[in-house]
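Scroll down for the structure; my scribbles are underneath it.
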Amino acid sequence: MALLHRAEMHPTKFALLAAWLPGRPWYEGPADPDVARVAAYRFDDPAGAVGVETLLLRAGDGPIHQVPLTYRGAPLDGGDDFLVGTTEHSVLGLRWVYDACGDPVYAATLAAAVLADAGQAEEFFEVDGRREHRDPTMAIAGSGTRGAEVPALGAVRRVVEGDLTLIVTDSVELAVVRRPDGGTASDGVVLTGTWSGQPSPLPLAYARLR
């Protein structure tokens, strides 16, 4: 479950991404992009401490990009290279926003989604002491066996940026498709997604045991 807040963020996550995206080697689009959300899905941090959100974005007339983010209440140890920026959340206070590919919490939740078809988190808004369900904007499915045991990943040992961003952990290698409509593929168990305007499943990520 992902518990969300009707809150303001200064700067917004899209303002942070507009400044960050043009410096990524896998980005295709204008140098000063107007970033718009196409769809999104979230994973649930079992410890409840880290927000894990994956955005599908379009920058101007460019292709759709997949950008996983984590939101933390304190800096990620050793995560300086993956920091997108900081923002003031009107409910939660100062938040550190990271490219999730460098965050071990994201790696563990992505591995569960791909290898064990763990699915996305149900999203709820906290409104006046009660919870309101928010419908998902896309559907995801992992080709692994639902409920399968996923090995402990340990630390993120290496991240190699590219159209497929490779995340190497102690037990699993993950590959995040940065441009889902670009035809980039890999081997291994696959996570696919559909969203409005994209009824046929497209690969979002791959996983294989080391």
Side-chain angles (χ1 to χ4, degrees), residues 1-5 37-57 64-73 76 79 82 97-126 131-159 164-178 180 184-196 198-210:
M1 181 184 73
L3 186 58
L4 311 175
H5 302 274
R37 187 174 88 155
V38 175
Y41 58 98
R42 285 179 178 262
F43 294 141
D44 181 37
D45 171 19
V50 179
V52 184
E53 180 181 33
T54 298
L55 297 168
L56 297 189
L57 304 171
I64 292 174
H65 291 82
Q66 181 176 210
V67 183
L69 299 173
T70 52
Y71 308 103
R72 288 175 167 267
L76 170 64
F82 303 99
V97 182
Y98 288 94
D99 173 4
C101 292
D103 194 317
V105 171
Y106 170 70
T109 55
L110 177 61
V114 183
L115 296 170
D117 192 22
Q120 61 184 300
E122 284 194 85
E123 297 182 17
F124 294 87
F125 278 117
E126 183 82 25
R131 292 176 179 174
E132 295 182 356
H133 182 264
R134 183 166 80 166
D135 292 333
T137 58
M138 62 184 295
I140 62 171
S143 66
T145 302
R146 177 164 293 185
E149 184 176 352
V150 179
L153 270 64
V156 172
R157 299 300 180 185
R158 185 163 55 99
V159 176
L164 279 174
T165 293
L166 181 67
I167 305 168
V168 180
T169 74
D170 292 339
S171 59
V172 176
E173 288 187 0
L174 301 157
V176 176
V177 182
R178 289 298 195 173
T184 306
S186 182
D187 58 352
V189 186
V190 61
L191 179 73
T192 58
T194 59
W195 56 92
S196 178
Q198 181 57 53
S200 300
L202 289 179
L204 299 173
Y206 297 87
R208 58 178 178 265
L209 301 178
R210 296 188 68 191

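Put simply, the side chain of T169 never gets that close to the backbone of G154: no donor and acceptor are under 3.5 Å apart. A donor-acceptor distance shorter than 3.5 angstrom exists from the side chain of Q66 to the backbone of L204, with no hydrogens or angles considered. Looking only at distances, no side-chain donor or acceptor of T70 sits under 3.5 Å from a matching main-chain atom of A100. The main-chain N or O of V190 is found under 3.5 Å from a side-chain atom of S143 such that the two form a donor-acceptor pair.
The shortest distance between side-chain heavy atoms of D45 and Y71 does not fall below 4.5 Å. With contacts defined as side-chain heavy-atom distances shorter than 4.5 Å, the pair Q120/R42 does not qualify. Counting heavy atoms from C-beta outward, L76 and P104 have side chains that approach closer than 4.5 Å.
Every residue two or more places apart in sequence or in another chain that forms a side-chain contact (heavy atoms from CB on, under 4.5 Å) with A116 is listed here: A148, V150. Residues meeting the side chain to side chain donor-acceptor pair (under 3.5 Å) test with D99, sequence neighbours left out: R178. A search for side chain to side chain donor-acceptor pair (under 3.5 Å) contacts involving R157 returns D170, not counting sequence neighbours. A175 meets the side-chain contact (heavy atoms from CB on, under 4.5 Å) test with L164, Y206; sequence neighbours excluded. Partners of T109 according to the side chain to side chain donor-acceptor pair (under 3.5 Å) rule, which considers only residues two or more places apart in sequence or in another chain, do not exist here.
The CD1 atom of I167 lies 5.5 Å from the OH atom of Y106; values are rounded to the nearest 0.5 Å. Taking CG from L69 and OG1 from T54, the interatomic distance works out to 7.5 Å, rounded to the nearest 0.5 Å. Separation of atoms OH (Y98) and CZ (R72) is listed at 7.5 Å; rounding is to 0.5 Å. Rounding to the nearest 0.5 Å places CG of L191 at 10.0 Å from CG of L115. To the nearest 0.5 Å, the span separating CG on L166 from CG on L174 amounts to 8.0 Å. Taken from CE in M138 to CD in Q198, the straight-line distance is 9.5 Å, to the nearest 0.5 Å.
In this structure, G142 and D117 approach most closely via the heavy-atom pair N-OD1, 3.0 Å. Closest non-hydrogen pair, L55 versus A40, comes out as CD2-CB, 3.8 Å. Considering all non-hydrogen atoms of both residues, V114 and A207 come closest at CG1-CB, 3.7 Å. Closest heavy-atom contact between C101 and T165: SG-CG2, 3.9 Å. Listed here is the closest heavy atom pair of V156 and A107: CG2-CB, 4.2 Å. Pairing each heavy atom of V172 with each of P151, the nearest pair is CG2-CG, 4.0 Å.
Considering V105, D103, V176, V52 in turn, V176 is the only one that fulfils the side chain to side chain contact (heavy atoms under 4.5 Å, CB included) rule with L110.
Sorted by first and then second residue, the pairs that involve residues 201-210 and meet salt bridge (Lys or Arg N to Asp or Glu O under 4.0 Å), not counting sequence neighbours, are E173-R208, E173-R210, D187-R208.
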